[in-house]
Structures are given as structure tokens and as C-alpha cells.
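Below is one structure, written out as C-alpha cells; the observations come after it.
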Amino acid sequence: MQQFDSLVERLSRSLAKTTSRRSVIRKLGVLLVGTASLPLLPVARGQAVVKEEGDPATCEYWRYCAIDGFLCACCGGSVTTCPPGTEPAPVTWVGTCRNASDGNDYIVSYNDCCGKSSCGRCLCNRNEGDRPIYRPQQANDLNWCIGSKANIPYHCTVSRIVGVVEKKR
Amino acid sequence: MQQFDSLVERLSRSLAKTTSRRSVIRKLGVLLVGTASLPLLPVARGQAVVKEEGDPATCEYWRYCAIDGFLCACCGGSVTTCPPGTEPAPVTWVGTCRNASDGNDYIVSYNDCCGKSSCGRCLCNRNEGDRPIYRPQQANDLNWCIGSKANIPYHCTVSRIVGVVEKKR
Amino acid sequence: MTRLASCAGVVGITLLASLFAGGSAAAEITPDPLVADQLPAQPGAHWVWVNDVVFHHMADGKAFLLDGDSGRMLGMLSTGFSFNGVVLGKSGAEILSPETYFSRGTRGTRTDVVTFYAPRTLSPVAEVTIPPKRASTIPQLANSRLTDDFRFLLLYNYTPAQSVTVVDVPARKFVGEIETPGCALVYPTGRRAFFSLCGDGAALQVQLDDNGRAASRSRTAQLFDPLTDPVTEKGVRDGNDWLFATFAGNAVRLAPGASGITAATWSLLDEADRRDSWRPGGMQHLALHATTRRLYSLMHVGGADSHKDPGTEVWVYDVAGKKRTQRIVLQEMATSIAVTQDAKPLLFAIFIGAQKVDVYDALSGKFLRSIGEIGFTPTTLVTY
Amino acid sequence: MTRLASCAGVVGITLLASLFAGGSAAAEITPDPLVADQLPAQPGAHWVWVNDVVFHHMADGKAFLLDGDSGRMLGMLSTGFSFNGVVLGKSGAEILSPETYFSRGTRGTRTDVVTFYAPRTLSPVAEVTIPPKRASTIPQLANSRLTDDFRFLLLYNYTPAQSVTVVDVPARKFVGEIETPGCALVYPTGRRAFFSLCGDGAALQVQLDDNGRAASRSRTAQLFDPLTDPVTEKGVRDGNDWLFATFAGNAVRLAPGASGITAATWSLLDEADRRDSWRPGGMQHLALHATTRRLYSLMHVGGADSHKDPGTEVWVYDVAGKKRTQRIVLQEMATSIAVTQDAKPLLFAIFIGAQKVDVYDALSGKFLRSIGEIGFTPTTLVTY
């Protein structure tokens, strides 16, 4: 029954506590890291190296600031790759998330992984910058699997950095 | 979250506590009746009148001694009728249940109602006289919707009295 | 059925033989007839449909019909993949359900249909195949609505190309598609008209002809600022107008007229409310009782980006006077609310994370009852 | 994909334009490739499949692949209506899944198939259509098993007529059906042989020819008393024999020989155990570690009719010596257990009412970890 609770807790937390959690995060200036956390060393991503920390298996991980769905990192994939047998959707919505480790704001692309039923693990809903679906590219209420070869069956969501916001000096 | 809990509680209770609950029931000599209980007056069933009491919306109701599934009485049907739009399956498994109100043992036919997804309410599993599926007519592990025009989609189960065991004198 | 019936007979005999080999005997009792119940001819004023997308098992959408007075579940529909919600035909005489199916559950060929269910048996009686492109979203009432005359069903498509599918309801046939580039969702505004909301804060007005084709399409000026303070998609109908709420807590009335649409704004919040960070929000956070014009708004304490957080109170407004007249403190937080349209209305409240429906007196705000074990992720509510 | 790709491009541009109209700018970063992971070439010795019938949403069956060491979920299969469980081909080189689909989710035309999944991509690579009559039951491993040579997949049918569907695995084709009147389920007993259990306590032995047809069928004498103390269907393979447990707590060895099957019985309980009403029981309540011949039996305290109650302990027996050698007290009650077959085996335990998998050291009985948020009603376990 623990698990039922944790599911509901996630639903409630993610739906109800987003704001306060976010403000806490802002106050601390760094992301909250759960007990299960694995601090990450800087890793090469494409040609970019982004210094970061946090646990990609928790809703609080910095890249998830506008996510709405199951974390692929909990479903057999990773923060950037889809689980085996699922189809990445190229069309996405994006968020702008603050990376506390370097103080930069990054453009994060939330690609859905499709073609199987819901993963069911690590459900997160954070709505920083989320807009109604009449502004599709900023709407996390849309099922972005529509863009995949697998059509709408939604499994989980990855979070890929596609840009960095240059600071004004 | 209450509801998640109650679901798990039902699953656990029905799976784990059946025996003790049953023995309690036996000891009391009458069926346990929850707070929500509606004592029933004798009602005409076909040509038979069976004096009984208990709440058909609880697993403890006497007719449910060998049931495994969702109670149609909680799903828009009744203890003997299927909910709107579902198809009753004529082939069934049966149990022999003691009616505390008249001390008789009755043969109860557990007909599945089929053609829609699971009702999801009032899940009960009591196994008095249940046998492995190599003895089909006493096996509640079989999906008896196979006998219905709607095929195997299972919605809920009714409990119909089809016979009374004559006492030896 | 003959085979099955005789089969059942065999079972009966086998059974009596095997059970009473021991010498005791069983007297037959003519059993109750094996039948399914039917619903009354007229839907109850306090009935409500609870739509469930079943987010963890999206192939198994469900709609539950409940009686708010007795707290009974009256029946259920199975409604396929990424279920949005049922649409009620004229005086509930039929139940329309836009549905999606895959030949292998979550893979294979996609088929989109509108299924028509009989209101008394809740059985499918007709099916219209439509292009397999209806929008798959967190459920939105504005994804599928009927024209005021109940003649055409309008379904929003997002593929990501944007359009509206038109179905002729009495004729039970697919009519065609209306392109709505840059604009989303469906808000009927008369016998044969609707508008969609556009990304730049304008609206696209569409007039239908008697065949369900677009007779005219015109784009309005900007009606609200989608960047600084957007309206949510969850508006409610007030006469021929639509009432929306913005992220920051303004009410926006969109009034379609001879020339375009006029927008009028007033605030749902006073100074104290703003100081305490009260905001409207949720999945279906507005409801209107038409005759009394009481607007019910689901409210929570939250900051920026809290527009989908669940509400802890429902605030009631006199739409004519544009002022709050009542605060209803909910027993538990809710993401969707709805009110019945009768003289003694009920207020229904659900939270997507709880498998139950809470029922309140919509006038006094008194909590009446909770109906448990309803669905898995209850999303939206539809009243008669 | 070209259309979609270009589409994505458009989105990207729109986005940067709309987001940074304000004067600030965004530097492009070459994003990580959009790909799906693959599993290692060889399955891990401590991997386990968790089959979930999803009792409240039976159209959405799922199978979860977990690594017992890391506690990670490795992947998932979507497996349709009334899912029973996956069947692993030779050395896990392919994953077979008997599946059922309806053209409208829970209504319409029924199609039964065996889907073949690639072990590294978990993608469907082949599908064999079979008669739409595979048994729909509370999941039972004995509903679907391979012959010892991995050549034929055998599926129990109940319509309520009883038979076994035969599928040629390498040829990927449906071979035919074998009638098993009065007898149920599938227990392989050699390269090309199996038996079914019959309602009177006998067994039906079937020998297959090279084409998967029944070369011989013979019914044994009664092997156990199905009325006074039936064996459960949940037996485990021990060499060429099968070990079952009875409701009352006896172990029954069914040994197929030249002439029929011999039955040998010993008790899982001593006097004290009986006094305390210990019994075996659950959904998958027996597991055998083949090389050490340690039998794991899920046990609970219960009386008559408690044969499906969850267990609170796992008792370990030396099958050769027919005596209990160990008691493992479970952290939480379980309805199914399984052990891996390596030299440092793990014991997995699930409860149908809890969305998690508990992992124990199968030798010491030490609790290692719990893997959370797995499915909805986890039913059976399959190890490599």
C-alpha cells in the first residue's frame, strides 16, 4: 500500500505543492536532492558540457521545471534517452530552467517517448512557463506523442538541453 | 488517497483476512453488517422467498461466500442484476452459502456481467468451496465472461440463489 | 446463445451431481432472471458524469454515471485510449463519446470514432468513424462540443496541424474538417457558430452552414495578452458569451457580436486576496449556474505558474454584479468542479489524485457526501 | 519522418523567436541524440519479469523487466487484455507473449496473438494469430508453457470447452489444437510431452510428434483426491517431475514414467505447524532452485479455503531430504514468489495489492531492497 500512497503523494505533491517547493528551491539556490540522489559530474552532452547536480529520478531535478509526465530515468531510459522499445517524439514543448550549478538558464526540450502504455513511475508535474494549449510549444498539457511514428500512446518524457539563454551584461 | 487505501485495504482484507473474518462470522452465527448496512426484508425471488439480512454492498453479505470480483450491487446493478449495458454470462461457478437468517445452505450462482471494463468498486474475494481451475464449476479464478455474448471483458459479478440444500432429519 | 444456454444446463447438472453425491439433496429454486438493469427514461437533475482518462492505463478510459442524491453509481462506459469526456445530446437523449482505439491496444492501426450510447441501456447504438487526429491532451471540455442546436459535434484536432472535425449528429456521419491555423479548441457561440482561441490572444470566429461547412471564418483583434496574463482554456458559457479566468485572477468576458468579439475584464480578487496570493486554478476550475448566474471558481493560494494547482476553496460570484457573494471551504482539495442546473443545485468536486467524488449543496455550500472508489484519475465532470 | 523532422525544426525556430523577442538571445547547444536505449546482449542472472493483469483496467496488461541487483526498471511491454504472463525462449533469446485484443478495447472483434519481442529492444518483431480462445483466468504460469526443446508453445484454452493451442516457435506459426476434455493447464514433461490436470484427480498425458500434433494421449489413474485435499495448479518443475502442494499442506510429486504417472506424497508441515494452522498458499506460492533443489514455499496461518491467502513467511525445503531447512520471515505479505537460478540466487516477492517488488537473498533470506511503483496489481513473476 506504500506504493499506492506514494503514487497519490506524487500526484498531490506534484499538483499541490509545486509552487512552494519551487520557491524553496529558489531560496536554497540549489536544487533539493533526495536521499536517493546521485550528484552528477560534468558530462559531455553533444558538444556542450553542462556542470550540474541533482537526482534525475526526482521531480526536483533542475531540468524538470516544466515537465508533466513520467520520468524516463525511472522507466529504463535516462534523463535524455527513451526506454527500450519506445519511440522518441521529435516535436516537443520546451521550458526555460535555471541550472543552479552554473547560474545559467537553459532551454530544455521535453520529448515524449511513445508506443507503449504509461510507465507509471516518477510522475512529475511542474509548470514553470507552462501556457494553455492555444500556445502549443509551451503547453505541457498536450500529448506530444502525436509527433512520433508510434502515434499517441505515451510512455514517459526525457529532458534535453537545446539552448542556453545568454546573460545580458 | 482514502480511496487508494480503501482499494488496497479491500485487496488485503479480502486476500488476507478472509479466513479470520469468516470464522468470526461463523462464531457470531449471523453475518457481520457494516455501518452502511441496509437490513433486507424478505423479498420474492422468482417463486422462492428467502428471508435474509445483510448489506449486498459489502463483502460480508452471506451470498458472497465464494465470490471473486466486483459487486454489481456497487456498480449500477443489484445483487442479482447486471448494470446497464452489460451482458450477463449464463455459464457460472457456484458456491454453497449459509444463510444465517434461516439456517439453510443455499446454492449460489455467481454470474459475471460482461462487455465493459472492470467496475472497480467493492472488490471481494472469498473462497469458501473454491477449487482449482481443473474443477471449473467450483473455480472463481476463471473469467466466466467467456460464456457471454460480450466475450471476456469482465465488469462485475451477481449472486443468484439457484437451490437450497435440504437438511437431513 | 443456444449452445451457451444448454452449456449452462450441463453445468447445473454436473454441479448438483458432484455437490450432493454425499446423499444430501438440493431443491431447485427458480432463480432470478439473468438480466441487466435499465435507467429511468428521464435523467435525474442531480446526475453527473465523471470522465476518467486513467492516466496510468490510457487504453482503458472510463466514464462513470453517478446520482449525487443517493451517492449511487448508476453505470459506466468504456471509452478507449486518451479519453477526453462524454458529450450530452439534446436533453440527454443520447450520449456522444469521441473515442480512439489501436488494433493492438497501444500500437498498430489507430481508429477514431464517435460512439453514440443509448441513455437508458448505456449500450453503443451507433458509431461514426472520424479522421484519426482528435487532440490528445490532459482532458479539456473545449476539445469536443456541440453547436447550440445540437446538430453538429465539433472536435478539436492537433497533429500538430490544427483543425476542427465536424460530425452531423442526427445523420450520424462525418461532415468534414475546418482548418484553424494557429488557433485551438471549440467554444460554441450560437445555433451554428463557434470560436477558437489563438496563440496571439485573438480568436478565430467560424460560422457554419446547414451542411456543417465553414460559411465564414474571421480572426478578431487581440482579446487578451497571452504572454503577461493568459486566460486558461477552461471558460464557461454565460448566455451567448464565454467567461474565462486569467492566471493572475481576472475574469474575462468574451462577447461575440455583429462585428467580432468584445472583451471585458473584472477581477476575481480584492486587495486582501492578492496579498494572500489567492488564484483560480485547476483542470476544470469554473462552473456557472445559468439561471441564477452564480459563477463558481476553484481557488488556491499560489504564485506564478500555479494555474493548474488544485483548489482548497470554491468562491461564488454574482456575475451580474461582478462581486463575490460566498466562500465555500472544500473538505479536500479539488482539480475539477461542476454544478447542476436545477433550482436546488449540487456542487461536485473531484481531485485527479483521489478516487472519489465529493458532493456539496451548491447554494449553502454544505458538504453532503463523498462517493468513493470512482475511477483512477478522475479528470472532468459533466452535469445534465 | 521528414515531415515531422522539418516540423520539429519549425517548432524550434518559433520557440526561440517567441521566447526571446524580449531582446535577450539563446545560444544553440547541440542536443543529445533522440534515441531509445538498448538492453545488454545477455540478460542478467538477477533480472525478473513482473506480469501485471491490471485487474481494474484489464485492457492494459503490462510486463515490467527489473534488475534485482540495482533495483532499476529496465523496460516494459504492453500486453493487451487479460494478460497472463511472458514466456522466455531459449536462453532468453526471445520473449513470447500470448495476448488478446478487441477492436474497440473492451468490445468488438476479439483477436488473440502470440507476440514475439526482441530481447534487447523490447520491440515486437513477429506476431502469430491463434484461435481467440486462450483461457482468461487469474494469471497462472500453467496457462502457457514451452516444450522442453523450446520448439512448441502450448496455450491452455477454456471456452468452456477445454483444449491446448500449439504454436511452432521457430516457424512462427499456429500448428493446431489438442482437445483435453475434462482436463486443464499445461505441465511439460520432456522434449515433446506434457500433461494436464483433470477434474477427477487424474492427469491427461500428451506426446507430441515433430509437427506438434498429438502422437498419443492417455489418461492416468487418479493421482490425488480433488474433493478432500486438492493440489493447487501452481506446481514447479523438478527435473522431469512436477512438485505440487495441496490445500492442507502436503507436497505431491508427480513423476511421469514409461507407464503413466506415479504420485508420491510428503508433508510440508509437522505437528506444531498443523497445530498453528500453517498452510501453503497464494497465487504463485512455490519456487524451486534447480541445482540445489531448494523448494521455496509461501506460507500463511489459515484454515479451510485459505489456499489463496497471501503468505507471511517463505519456508525452504531440501527436496531430496523432504525436510524444512529454513524459515524466511517476509517484510510484507506476498501472493507470488520466484527465485533466480544462479549460484547466488535472489528471492523475489510481490503482493497483488501493493505496487512493488521485494528482493531477498535466496540463501540467507536477508531482505535486500524494495523496488517501488511497479504496476497496479502485480500477479506473477518470471526469472531467467
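Below, chains carry the letters A, B, ... as their sequence lines are ordered, and counting in each starts from 1.
- Looking at C:Thr232, only its backbone comes within 4.5 Å of chain A, counting heavy atoms on both sides.
- Results of the side-chain contact (heavy atoms from CB on, under 4.5 Å) test with C:Thr106 over A:Ser117, A:Ser118, A:Cys114 single out A:Ser117 as the only residue that passes.
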- Task: Apply salt bridge (charged side-chain N to carboxylate O under 4.0 Å, His left out) to the pair C:Lys308 and A:Asp141, showing each step before the final yes or no.
- Result: CA-CA 10 Å; C:Lys308 286 187 242 170; A:Asp141 277 0; 2.7 Å; yes
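- The side-chain contact (heavy atoms from CB on, under 4.5 Å) test applied to C:Thr312 returns C:Trp278, not counting sequence neighbours.
- C:Leu185 touches chain A through its side chain: at least one heavy atom from C-beta onward sits under 4.5 Å away, while N, CA, C and O do not.
- When atom types are taken as modelled, the side chain of C:Glu233 and the backbone of A:Tyr134 share no donor-acceptor pair closer than 3.5 angstrom.
- Looking at C:Cys198, the atoms closer than 4.5 Å to chain A (heavy atoms on both sides) all sit in the backbone: N, CA, C or O.
- Within the 4.5 Å cutoff, no side-chain heavy atoms of C:Val231 are placed close to those of A:Pro132.
- Two residues are said to be in side-chain contact when any heavy atoms from C-beta on lie closer than 4.5 Å; C:Thr100 and A:Ile152 meet this criterion.
- If you tally non-hydrogen atom pairs under 4.5 Å between each of C:Ser136, C:Ser82, C:Ala184 and chain A, the highest count goes to C:Ser136.
- Note on A:Arg135 versus C:Asp200: no salt bridge recorded, every NZ/NE/NH1/NH2 to OD/OE distance being 4.0 Å or above.
- The closest side-chain heavy-atom distance from A:Ile133 to C:Ile138 is not below 4.5 Å.
- For the pair A:Asn151 and C:Phe102, the minimum side-chain heavy-atom distance is below 4.5 Å.
- At a 4.5 Å heavy-atom cutoff, the contact between C:Lys234 and chain A is made by side-chain atoms alone.
- Listed here is the closest heavy atom pair of A:Tyr154 and C:Phe81: N-CZ, 4.3 Å.
- Ring geometry, C:Phe55 versus A:Phe70: the interplanar angle falls under 30°, so the pair is classed parallel (tilted spans 30 to 60°).
- Residues C:His56 and A:Cys119 have side chains not in contact (no heavy-atom distance under 4.5 Å, counting atoms from C-beta outward).
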